[in-house]
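Since the structure is predicted, the reported quantities are computational estimates derived from the model, not experimental observations. When a residue number appears, it is its place in the shown sequence, counting from 1. Whatever order the structure lists ligands and atoms in, that order sets their numbers, starting from 1.
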Amino acid sequence: LLRVDHVDKSYGEERVLRDVSFEMERQDVEVIVGPSGSGKSTMLRCVNRLTEIDDGEIYLDGEEIHDLDQNDLRRRVGMVFQDFNLFAHRTARGNITLGLEEVLGKSHEEATRVAEDYLERVGLADQADSYPAELSGGQQQRVGIARALAMEPELLLFDEPTSALDPELIGEVLDVMHDLAEEGMTMLCVTHEMDFARSVASTLTVLDDGQIVERGPPEQLFENPEHERTRAFLGDLT
Ligand code: ATP
Ligand code: MG
């Protein structure tokens, strides 16, 4: 479904991604870990073209993403952000209907129905009329996930979706992500939640200084890492 092929990205003199290559199949859950500044967010942002790459290619279902219409790409590749990125002046429902109406061209009635379905799916059927400021961080993030899901993406990107949350709210978001994985959603996740990585990820990638240090099944990286950097990094987190 996704093929990242020899991607390079620099900001000025700083090489943030160096010859990064990996592939994901449909229904894979890929977790990327790595130290701060290692290029994790940049990697995700390159996949939906929030950031443009300098070199290499990225293919979505066989098509190079730069050959795709940007709106089409963004619909097919959803993103969930660390700080939720909800529209403050729209209700939970309104956050979801916006894209359905403006991008997918659904009628207001249809968009409302779909939005309420997705809110129910993330356990927020009762909060459709609430504004973000009236919701907890965990609830806001679940709206963010529902909003992304409503566009029926082929791939969902998560950039530290629980990092802004109080510890007691992390579980409800991870539960939703866990359910999505079980339902077969293809997910590319940056997260420091190692229990999630261990139990849900099909593949774990360690990124350091813009390079993939090691990549493989999570059991293998936890139990039997090939690289000292992997051992050091995963050891620090667990
Ligand atoms: P964190 O764990 O702190 O979120 P990260 O692994 O997501 O880190 P990135 O945000 O991808 O790291 O940043 C990688 C490097 O690129 C950092 O050194 C950062 O300062 C730099 N960088 C990121 N975005 C920009 C930008 N828009 N302009 C200039 N430099 C940037
Ligand atoms: Mg980041």
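Backbone and side-chain nitrogen or oxygen atoms of G34 are examined, and none is located within less than 3.5 angstrom of a nitrogen or oxygen of ligand 1. Polar contact check, S36 against ligand 1: a nitrogen or oxygen pair lies under 3.5 Å apart.
When only non-hydrogen protein atoms are considered, atom 2 (O) of ligand 1 lies nearest to K40 NZ, 2.7 Å. The closest protein non-hydrogen atom to atom 8 (O) of ligand 1 is G37 N, 2.8 Å. With hydrogens left out, the protein atom closest to atom 9 (P) of ligand 1 is T42 OG1, 3.6 Å, a heavy atom. Nearest protein heavy-atom neighbour of atom 24 (N) of ligand 1: Y11 CE1, 3.4 Å. Of the protein's non-hydrogen atoms, the one nearest atom 10 (O) of ligand 1 is S41 CB, 3.7 Å.
Residue M43 places no heavy atom under 4.0 Å from ligand 1.
Residues passing the salt bridge (charged side-chain N to carboxylate O under 4.0 Å, His left out) test with D54, sequence neighbours excluded: none. By the salt bridge (charged side-chain N to carboxylate O under 4.0 Å, His left out) test, D208 is found to be paired with R229, residues two or more places apart in sequence or in another chain being considered.
The S38 neighbourhood of ligand 1 comprises atoms 6 (O), 12 (O), with distances under 4.0 Å to a heavy atom of that residue. Set against the non-hydrogen atoms of E160, the atoms of ligand 1 under 4.0 Å away are 2 (O), 4 (O). Proximity to E14 (heavy-atom distance under 4.0 Å) selects the following atoms of ligand 1: 15 (C), 17 (C), 18 (O), 21 (C). Atoms of ligand 1 found under 4.0 Å from any heavy atom of P35 (numbered from 1 in listed order, with element): 6 (O).
The proximity of V16 to ligand 1, defined as any non-hydrogen pair under 4.0 Å, is limited to the side chain.
Counting only N and O atoms by type, the side chains of T162 and Q141 include no donor and acceptor under 3.5 Å apart. H66 and E52 form a side-chain donor-acceptor contact under 3.5 Å, judged by distance and modelled atom types alone.
Annotation: side chain of C46 is in contact with side chain of I58 (closest heavy-atom distance under 4.5 Å). Looking only at side-chain heavy atoms (C-beta outward), V173 and L169 stay at 4.5 Å or farther from each other.
Both F22 and V77 are members of a single hydrophobic cluster when ILVMFWY side chains are connected at heavy-atom separations under 4.5 Å. Hydrophobic clustering (ILVMFWY, side-chain heavy atoms < 4.5 Å, transitive): M79 and F158 are in distinct clusters. No continuous path of hydrophobic side-chain contacts links Y59 to L68 [ILVMFWY only; heavy atoms under 4.5 Å].
Looking at V4, I53, V7 one by one, the single match for side chain to side chain contact (heavy atoms under 4.5 Å, CB included) with L17 turns out to be V7.
For the Mg ion (ligand 2), the count of nearby protein N/O/S atoms, taking only those under 2.8 Å, is 1.
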Which donor-acceptor pairs under 3.5 Å do the side chains of residues 174-190 make with protein atoms, sequence neighbours left out?
| residue | atom | partner | partner atom | Å |
| --- | --- | --- | --- | --- |
| E183 | OE1 | R121 | NH2 | 2.4 |
| T186 | OG1 | Q27 | N | 2.8 |

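Cation-pi geometry between R198 and F222 is satisfied (NZ or CZ under 6.0 Å from the ring centre, within 45° of the ring normal).
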